[in-house]
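Report on one structure; see the data block that follows.
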Amino acid sequence: MVASAVASPLCTWLVAAYISVSGEKTNHRPNASPALFSSSKRLSRSARRKLPAVTDCKNFSGGGGGLMSSLCGSSITNLMTSLEPCEEYYKSKPLSSSFSILGSENSFFIFGLKNSPPSSMNRTQKRIDRTSQTGKRKTMAIAIQPSKEATTKKKPITKNRRVVVTGLGVVSPVGDVADVFYENLLEGVSGISEIEAFNCDQFPTKIAGEIKSFSADGWVAPKLSKRADKFMLYLLTAGKKALEDGGVTKDVMKDLDVTKCGVIIGSALGGMKIFQDGIEALMVSYRKMNPFCVPFATTNMGSAILAMDLGWMGPNYSISTACATSNFCILNAANHITRGESDMMLCGGSDSAIIPIGLGGFVACNSLSQRNSDPKRASRPWDVSRDGFVMGEGAGVLLLEELEHAKARGAKIYAEFLGGSFTSDAYHMTESRPDGTGIALCIEKALTQSGVAREDVNYINAHATSTPSGDLHEYEAIMRSFGDNSELKINSTKSIIGHLLGAAGAVEAIATVKAIQTGWLHPNMNLENPDVGVDKNVLVGAKKEQCNIKVALSNSFGFGGHNSSIVFAPYKDQ
């Protein structure tokens with residue numbers, strides 16, 4: 001088995017060498033067999049059998065030893081008894097004319113480029129082309145044949161793999177424990193206030209959903225805590241809190257198959273603070289820059305470090321689709337489980353962009369509310385006097401798990417994840433389609449993919465950011481999909497904590513799951529005068545409302561036209 005695995009790529013390399021040398025007269029080696037390197041005619045089968053075995057490594061070394069001499073005496077020496085290709089190559093497809101083969105006396109390279117081959121290769125290529133056209137001669141193809149084991153291995157059966165939520169971790173302006181977070185949402189405790197992290201006098205917006213007190217002690221190593229950006233600290237803390245909430249103790253960790261445990265936690269903007277600090281240091285000298293500036297600024301590094309910390313070797317990456325980031329991560333994580341690639345996934349999003357460059361950037365886009373005199377009333381989705389969204393920060397992480405895996409370890413099950421969908425508006429960088437077509441299509445596809453009837457959906461946690469056009473576009477799309485559903489209730493978590501950017505979807509998914517668990521929907525704050533065309537009866541009022549949720553939908557949309565909808569339902573043991 002080992003010999004065949006080595007022989008295939010090695011034979012490929014040797015055939016490449018043979019083709020290149022045969023087209024370069026000046027590179028003929030004096031010690032090489034003329035029958036192998038000089039003849040332009042194809043040897044007959046009987047003639048090939050009579051060729052002497054090549055055992056002297058100096059015939060391959062090009063005068064300088066090289067790669068082949070280093071292989072002498074090894075276990076694969078017997079694989080190099082002849083440069084004449086095996087019968088498998090004669091049965092395979094001809095070389096594509098798009099490949100260029102470059103050779104030198106001691107090395108050979110194959111590039112899959114569309115460049116024409118060197119002039120010295122024209123005769124060789126023409127012979128190959130004529131052979132493929134006439135069909136009278138067998139041809140050679142440079143290819144690595146897959147092993148039989150790889151082709152016969154069966155794909156695992158995944159049709160019955162259900163995905164459930166077994167853990168919740170959150171860092172937010174109104175709490176960093178899932179139960180406390182949701183209790184504050186139910187009571188309408190606003191997390192929006194004046195920004196204290198830096199002086200905002202030069203900005204027209206001076207308010208945000210800022211986290212006033214946060215500590216990573218006990219969750220993140222002190223040295224890393226000093227070096228990392230806050231988005232990463234939020235992510236690591238929320239991720240580990242989700243594990244703790246899911247009952248994944250050290251003893252449970254010992255029994256996990258770490259190759260089937262993964263992390264997909266994204267970020268819209270990544271480590272903006274550490275990158276901003278790097279730019280300021282660069283203004284003095286590159287020698288002043290933090291060596292962690294680039295890796296800690298990238299959006300993937302939070303997921304990567306969490307996976308390293310846990311030793312989880314399953315799917316590990318981040319997705320960045322602006323404010324739709326978290327939903328994309330959650331749905332992709334669930335797909336890994338349903339396909340049988342993972343049993344357990346940490347997924348969600350994290351962002352911390354309440355810094356001068358972040359605030360200034362959104363101000364320049366004319367996206368933010370300027371209701372500085374009354375911060376708690378600034379975020380007001382669907383209200384006629386809304387004037388933009390309020391930035392927030394934090395992280396949300398869900399622990400998704402395959403149902404039987406969760407039951408086997410006696411895990412608490414919050415809800416079942418049914419599925420979701422993505423679409424693109426393909427319309428504008430920051431505005432959704434006025435007719436809501438992209439959003440409506442996303443909702444319809446999410447219901448289809450989840451196998452849910454539209455009349456069963458009776459709760460929607462809307463994206464609703466408090467922007468003049470965005471709120472109405474989403475509302476109209478929802479009404480187009482669910483207008484006949486008299487039981488439907490809609491709310492916006494952003495009315496209480498602001499817009500957490502890439503973390504918004506995950507934090508709102510946690511709110512959705514807690515609504516399923518508790519049977520209570522948090523209020524829509526500051527909805528005093530609904531905009532024209534908005535039915536106030538469909539929206540949750542200024543106080544929490546009780547609801548026996550059958551199926552819940554959570555929407556997230558992002559700059560660039562990224563639409564996402566994910567679907568949850570109470571877990572029922574079928």
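What you are looking at is a predicted structure, and each value in this text was computed from that prediction instead of being measured.
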| Do Ser193 and Glu210 have a side chain donor and acceptor closer than 3.5 Å? | no
| query | Any chance the side chains of Asn458 and Asn485 put a donor and an acceptor closer than 3.5 Å? | reply | no
| Residue Met253 excluded, over 12 heavy atoms near CE under 6.0 Å | yes
| Taking the side chain from Tyr182 and the backbone from Ile510, do they hold a donor-acceptor pair closer than 3.5 Å? | no
| Salt bridge check: are Glu401 and Arg409 linked by an N-O gap of less than 4.0 Å? | yes
| query | Are the side chains of Ile319 and Thr321 in touch, meaning some heavy atoms are under 4.5 Å apart? | reply | yes
| message | Other residues, nucleotides and ligands only: do more than 12 of their heavy atoms fall within 6.0 Å of CZ on Phe482? | response | yes
| said: I want to check something: taking the side chain as every heavy atom from C-beta on, are Leu269 and Leu501 in contact at a cut-off of under 4.5 Å? | reply: yes
| Who pairs with Glu196 by side chain to side chain donor-acceptor pair (under 3.5 Å), at least two apart in sequence or on another chain? | none
| query | Do you know the tightest heavy-atom contact between Ser379 and Asn526? | reply | O-ND2, 2.8 Å
| message | Do Asp245 and Lys412 make a side-chain contact, defined as non-hydrogen atoms from C-beta onward lying under 4.5 Å apart? | response | yes
| Does NZ belonging to Lys212 count more than 12 external heavy atoms closer than 6.0 Å? | yes
| query | Is it true that the side chains of Ser492 and Asn524 contain a donor and an acceptor less than 3.5 Å apart? | reply | no
| message | Counting only heavy atoms from other residues, nucleotides and ligands, does the tally under 6.0 Å from NZ of Lys543 exceed 12? | response | no
| Note: Asp343-Arg161 ion pair, threshold 4.0 Å (strictly below) | yes
| Looking only at heavy atoms, what is the nearest atom pair of Ser225 and Val220, with distance? | N-CG1, 4.0 Å
| field | Backbone of Gly278 reached by a side-chain donor or acceptor of Asn290 within 3.5 Å | value | no
| field | Backbone of His562 reached by a side-chain donor or acceptor of Ser424 within 3.5 Å | value | no
| Should we count CD of Glu404 as having more than 12 external heavy atoms under 6.0 Å? | yes
| request: Quick one: sort the Phe328 and Phe422 rings into parallel, tilted or perpendicular, breaks at 30° and 60°. | output: parallel
| For Thr205 and Ser369, which heavy atoms make the closest approach, and how far apart are they? | OG1-O, 2.9 Å
| query | Should Lys376 and Ile207 be marked as a side chain to side chain contact (heavy atoms under 4.5 Å, CB included) after you check the CA-CA gap, both sets of side-chain angles, and the distance that decides it? | reply | CA-CA 9 Å; Lys376 297 182 186 303; Ile207 58 175; over 6 Å; no
| Atom CD1 of Ile357 with >12 non-hydrogen neighbours under 6.0 angstrom | no
| Side-chain donor/acceptor of Glu474 to backbone N/O of Ala464, under 3.5 Å | yes
| Sidechain-backbone polar pair: Ser450 side chain, Val452 backbone, donor-acceptor under 3.5 Å | no
| Side-chain heavy atoms of Val534 within contact of Asp471, under 4.5 Å | no
| task | Would you sort out whether Ser367 and Phe559 count as a side chain to side chain contact (heavy atoms under 4.5 Å, CB included), showing the intermediate values? | result | CA-CA 11 Å; Ser367 300; Phe559 280 4; 4.1 Å; yes
| Check: Cys200 and Leu359 side chains under 4.5 Å, non-hydrogen atoms | yes
| note | side chain to side chain donor-acceptor pair (under 3.5 Å) test vs Ser267 passes for just one of Asp229, Asp351, Thr299, namely Asp351
| field | Phe362-Phe389 aromatic ring centre distance below 6.0 Å | value | yes
| query | Can you tell me how far CG of Leu441 sits from CG of Asn563, rounded to the nearest 0.5 angstrom? | reply | 8.5 Å
| field | Shortest non-hydrogen contact from Ile264 toward Cys329 | value | O-CB, 3.4 Å
| task | Can you sort out the partners of Asn300 under side chain to side chain donor-acceptor pair (under 3.5 Å), two or more places apart, ordered by chain and number? | result | Thr298
| said: When you compare the side chain of Leu368 with that of His499, does any pair of heavy atoms fall below 4.5 Å? | reply: no
| said: Please check: side-chain N/O of Ser564 versus main-chain N/O of Ser556, any donor-acceptor pairing under 3.5 Å? | reply: yes
| task | Would you give the length of the straight line joining atom OG1 of Thr518 to atom CD1 of Ile549, rounded to the nearest 0.5 angstrom? | result | 7.0 Å
| query | With a 4.5 Å limit on heavy-atom distance, are the side chains of Leu399 and Val165 in contact? | reply | no
| note | The reported gap from CG in Asp277 to CD1 in Ile355 (rounded to nearest 0.5 angstrom) is 8.0 Å
| request: Let me know which of Glu455, Glu416, Glu487 forms a salt bridge (Lys or Arg N to Asp or Glu O under 4.0 Å) with Lys550. | output: Glu487
| task | Inspect the contact between Glu244 and Lys241 and indicate whether a charged nitrogen and a carboxylate oxygen are less than 4.0 angstrom apart. | result | no
| message | Donor-acceptor check, side chain of Arg433 to backbone of Gly438, threshold 3.5 angstrom: yes or no? | response | no
| task | Mind listing the closest non-hydrogen atom pair of Asp387 and Ala378 along with its distance? | result | OD1-O, 4.3 Å
Distance-only donor-acceptor hits, side chain of residues 390-397, under 3.5 Å, sequence neighbours excluded:
from: Glu393; atom 1: OE1; to: Tyr234; atom 2: OH; distance (Å): 3.4
from: Glu393; atom 1: OE1; to: Ser352; atom 2: OG; distance (Å): 2.9
from: Glu393; atom 1: OE2; to: Ile211; atom 2: N; distance (Å): 2.9

| note | Rounded to the nearest 0.5 Å, the CD1 atom of Ile192 sits from the NZ atom of Lys494 at a distance of 11.5 Å
| query | Would you find a donor on one side and an acceptor on the other, under 3.5 Å apart, between the side chain of Asn491 and the backbone of His522? | reply | yes
| Between OG on residue Ser565 and CG on residue Leu553, distance to nearest 0.5 Å | 5.0 Å
| task | Answer yes or no: is there a donor N or O on one side and an acceptor on the other, between the side chain of Ser554 and the main chain of Ile566, under 3.5 Å? | result | no
| field | Stepwise side chain to side chain contact (heavy atoms under 4.5 Å, CB included) test for Ile413 and Leu403 | value | CA-CA 9 Å; Ile413 297 175; Leu403 175 59; 3.7 Å; yes
| task | Would you check, one step at a time, whether the test side chain to side chain contact (heavy atoms under 4.5 Å, CB included) holds for Asp251 with Asp255? | result | CA-CA 7 Å; Asp251 290 336; Asp255 296 330; 5.9 Å; no
| request: Identify whether NZ of Lys or CZ of Arg in Lys240 sits under 6.0 Å from the centre of the six-membered ring of Trp219 and within 45° of that ring's axis. | output: no
| Just how far is it from atom CH2 of Trp520 to atom SG of Cys547, taken to the nearest 0.5 Å? | 11.0 Å
| field | Polar side chain donor-acceptor pair, Gln517 to Lys514, under 3.5 angstrom | value | yes
| field | Lys/Arg-Asp/Glu bridge criterion (N-O < 4.0 Å) met for Asp531, Arg386 | value | yes
| request: Could you check if a side-chain atom of Lys544 sits within less than 4.5 angstrom of a side-chain atom of Glu187, using non-hydrogen atoms only? | output: yes
| task | Verify, without hydrogens or angle tests, whether Thr325 (side chain) and Gly502 (backbone) share a donor-acceptor contact under 3.5 angstrom. | result | no
| message | Please give me the minimum heavy-atom distance between Ala552 and Thr512, naming the atom from each residue. | response | CB-CG2, 3.5 Å
